[in-house]
Amino acid sequence: MAKINHAPILKNMDSQFTNESRGSATFPLNNDFIHVWAVHCSVMQKQIPLFSEFLSEEEKIRLDNFKFSLLKKHFIIRRGILRLILGNYLEKDPGEIKFSYDQQGKPYLKDNKQFRKKSKTICFNLTFSHDVILYAFTLQDKIGIDIEYVQDQLIHGGVEEQFFSLAELTQFNKTCGKQRARSFFQAWTRKEAIAKTIGKGLLFPLEKIEVTLGHYPRALKIKEDEEIAKNWKLYNIDQLNGYVGTIATEGMKKKLKFITIRQELLSQLLKLEI
Amino acid sequence: MEKYKQIDQSVVILNNDLGQKRLIAYYVSHEECNVSERKILSYMQKQLPDYMIPSVFIALETLPLTSIGKVNRKALFGLKNNKLKREKDCKLARNQIEFQLQRIWEALLGREKIGMKDDFFALGGHSLLAVHLISKVNKTFNVHYPVSWAFMQNTIEKQANKIRHQNTRVMYEPLLTFNEGGSKTPLFLIHPGHGGAEAYIELANLFKKDQPLYAVESQDIYSKEPSSKNIETLAAKYVQHIQAVRPQGPYCLGGWSLGGLIAYEVAQQLSAQNQTVQTIYLLDTFLLSGEERKQHLLVSQVINELLKKNPSHLQLPLRYRKRIEKVGKLQAQMMAKYKTDPYPGRVFLFKAKRKWAISEVFAFDQNALLQNYMDTMFLKGNNGWTQCVAHLEVQLIDGDHQSIMKGKNLRQISTLLQEDIAKYSSLTYRESHCELG
């Protein structure tokens with residue numbers, strides 16, 4: 001297995017990210033920030049053999065359930081990078097990280113006191129669409145993230161009626177052209193991010209999560225309740241061309257730091273001992 | 001797993017035997033009678049995500065131990081169990097609902113040959129596609145499932161079972177649509193005797209998507225009081241069902257056994273309307289003489305017993321299966337009465353090469369009748385069609401009356417059938433254009 005240098009390299013890398021970060025440049029994870037890591041699968045192909053060494057037995061079984069090699073590769077990259085990022089926060093080897101799963105199969109850290117500082121828990125969530133994987137990390141608050149590749153062909157057959165409330169439908173029917181597709185995916189990812197934070201995913205009735213359809217992201221009602229909706233903080237993800245996404249948390253407003261993992265950063269994250 | 005009250009000890013191991021990684025749960029229970037593995041399964045499903053649930057459960061009296069008292073995993077690996085072999089990939093739809101679901105899944109996921117037990121999300125399905133799936137399922141089957149349904153029912157098999165139970169009153173659909181698209185002449189298969197259009201599911205699985213394919217369902221099996229009096233009036237109704245989707249020819253018609261005879265009458269009626277009938281495909285259909293028809297009336301009940309074993313029958317709800325006997329009798333009477341006019345068009349007969357082998361044991365006199373009938377049928381040249389049909393082509397198929405509708409025999413029929421329709425489709429097209437010119 002590949003050994004990883006334990007030095008918490010993220011601390012010294014602020015300069016790398018200043019051009020990408022949306023907040024001030026502090027690292028590593030603290031109370032004021034949500035870290036969003038973005039990866040393009042197409043540029044990670046060479047790392048697949050290495051990433052597959054990180055996988056646990058459980059993950060290997062799951063890998064086997066995927067029928068097509070493309071899906072297998074994506075899964076390996078998803079888990080490989082997740083382990084790599086967590087490994088850096090926790091100063092551990094990627095392969096040593098242990099996950100537990102809730103009933104919906106959403107992973108969380110088995111021993112969440114692993115985080116060395118202030119015994120705070122790291123919460124995370126991930127999402128993928130088309131070629132992109134996104135990870136959101138934060139301290140304490142539960143978090144949900146959703147990204148969608150904007151495709152017109154996914155908006156047909158009255159599919160919006162399956163998850164829009166009446167009010168949302170009325171508003172949606174007023175949109176047209178490019179705005180229509182954008183509204184559709186903005187609303188969808190807002191709902192999905194909230195549902196993922198709650199932890200039920202799509203088992204939660206999405207039409208009961210009412211959100212804004214325009215640029216400004218906000219939850220309006222959760223199961224008819226406007227007060228509860230006010231606790232939700234939503235953030236747009238619009239840094240990626242052709243994609244629309246949302247991050248959701250309950251609690252205080254935080255700053256977003258957006259990090260794209262490119263080849264250079266990856267090799268620093270890996271810092272292989274030969 | 002050990003939290004489940006009936007289970008004392010258990011070990012779950014990862015097996016990689018048949019080229020596929022699977023979790024196998026070995027367990028020991030104090031219960032004398034069998035522990036319901038389904039109950040354990042549903043208990044575990046409440047606690048764990050899908051992929052952590054064992055796919056095979058094996059009950060043991062004791063767990064094998066090593067000399068130091070640990071579970072001997074090697075010994076567990078050695079315990080062969082036929083359950084492992086049973087877990088094969090099930091690629092083919094076994095009923096109309098599975099067939100329709102498979103088409104919906106294939107269109108959404110952009111993949112072919114999706115198995116009945118494949119997980120939607122392991123095939124690349126994501127949440128927004130699941131919403132599309134639900135939207136399509138709700139429309140197709142006239143149901144109202146929430147989006148969460150696709151997450152609970154994540155395989156075609158599970159979804160089909162739920163839909164079937166939802167529609168406890170399975171509606172009579174006069175015409176089943178298997179394939180709609182394509183420019184070739186559409187083929188309409190008429191249900192066989194002693195059963196319904198479910199007999200054609202396996203054949204439909206083998207058809208290419210650019211060959212339009214429909215099956216006419218048995219009206220009598222789905223009505224409380226089966227009432228058809230003769231083949232002519234039955235065929236007239238079926239003509240209406242066919243023309244509801246394809247008002248104009250050309251048509252290809254066909255059917256297995258009695259289905260071929262009804263198709264023959266449907267072709268006569270369509271021709272009388274001046275519609276073009278390209279070919280009639282008879283799947284081991286017999287044209288009986290007066291004497292043979294009397295014989296058939298006598299053995300129809302015994303034949304019913306034989307056909308009941310057909311696996312496609314088992315897909316039908318029980319109350320319809322019960323009705324088959326009555327319908328079979330009615331059909332034998334209709335067949336005895338049917339006056340066969342000569343047919344000027346093209347007929348293609350797939351004839352079973354072998355004599356229908358009877359493995360069942362019947363009473364002595366029944367058996368003698370049946371054997372006699374089978375012999376007569378077997379010796380009938382061209383199944384009796386020569387005198388009535390002007391353009392008859394015959395293809396022998398290696399099997400008996402029943403086994404031609406299965407496995408490699410059916411694959412052969414499917415290939416020949418599709419090639420033949422394709423070949424004549426272009427001819428029919430040219431002819432009708434010449435006439436117009």
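As the structure is a prediction and not an experimental result, all values here were calculated from the model. Lettering follows sequence order; numbering is per chain, from 1.
Heavy atoms from other residues, nucleotides or ligands lying under 6.0 Å from CG of A/Leu70 number more than 12.
For A/Leu154, the parts lying near chain B are the backbone and the side chain together; criterion is any non-hydrogen pair under 4.5 Å. For a residue to count as touching a neighbouring chain, one of its non-hydrogen atoms must lie under 4.5 Å from one of that chain's; by this rule B/Lys136 does not touch chain A. For A/Phe163, the part sitting under 4.5 Å from any heavy atom of chain B is the side chain, from C-beta outward, and nothing else. At a 4.5 Å heavy-atom cutoff, the contact between B/Leu129 and chain A is made by side-chain atoms alone.
Remark: side-chain polar atoms of A/Glu160 are not paired, donor with acceptor, to backbone N or O of A/Ile155 under 3.5 angstrom.
Ionic pairing of A/Glu224 and A/Lys208 is present here: one or more N-O contacts between side-chain nitrogen and carboxylate oxygen are shorter than 4.0 angstrom. A salt bridge links B/Lys209 with B/Glu112; the closest basic N to acidic carboxylate O contact falls under 4.0 Å.
Heavy-atom proximity under 4.5 angstrom to chain B picks out nothing from residues 209-223 of chain A. Listed by sequence position, A/Phe185, A/Trp188, A/Glu192 are the residues of residues 185-197 of chain A in contact with chain B, using a 4.5 angstrom heavy-atom cutoff.
To the nearest 0.5 angstrom, A/Phe99 atom CZ is 4.0 Å from A/Leu82 atom CG. Going from atom CG of A/Asn125 over to atom CG of A/Leu134 covers 10.5 Å, rounded to the nearest 0.5 Å.
Results of the salt bridge (charged side-chain N to carboxylate O under 4.0 Å, His left out) test with B/Glu157 over B/Arg164, B/Lys162, B/Arg94 single out B/Arg94 as the only residue that passes.
Taking A/Arg83 as the reference, A/Glu59 meet the side-chain hydrogen bond (donor to acceptor under 3.5 Å, both in side chains) condition, with sequence neighbours excluded. Listed by chain and residue number, B/Tyr172, B/His241 satisfy the side-chain contact (heavy atoms from CB on, under 4.5 Å) test with B/Pro174 (two or more places apart in sequence, or in another chain).
Looking only at atom types and distance, the side chain of A/Asp146 has no donor-acceptor partner in the side chain of A/Thr246 under 3.5 Å away. No side-chain N or O of B/Gln159 forms a donor-acceptor pair with one of B/Thr155 less than 3.5 Å apart.
Residues B/Phe207 and B/Phe178 place their aromatic rings such that the two centres sit no closer than 6.0 Å.
Relative orientation of the A/Phe54 and A/Phe51 rings is tilted, given thresholds of 30° and 60° on the angle between their planes.
In terms of heavy-atom pairs under 4.5 angstrom with chain B, the leader among A/Glu161, A/His74, A/His156, A/Lys72 is A/His156. Your options are A/Phe128, A/Phe66, A/Phe75, A/Phe204, and the one with the most heavy-atom pairs under 4.5 Å with chain B is A/Phe66. With chain A as partner, the option from B/Asp119, B/Val131, B/Leu108 having the largest number of non-hydrogen pairs under 4.5 angstrom is B/Val131.
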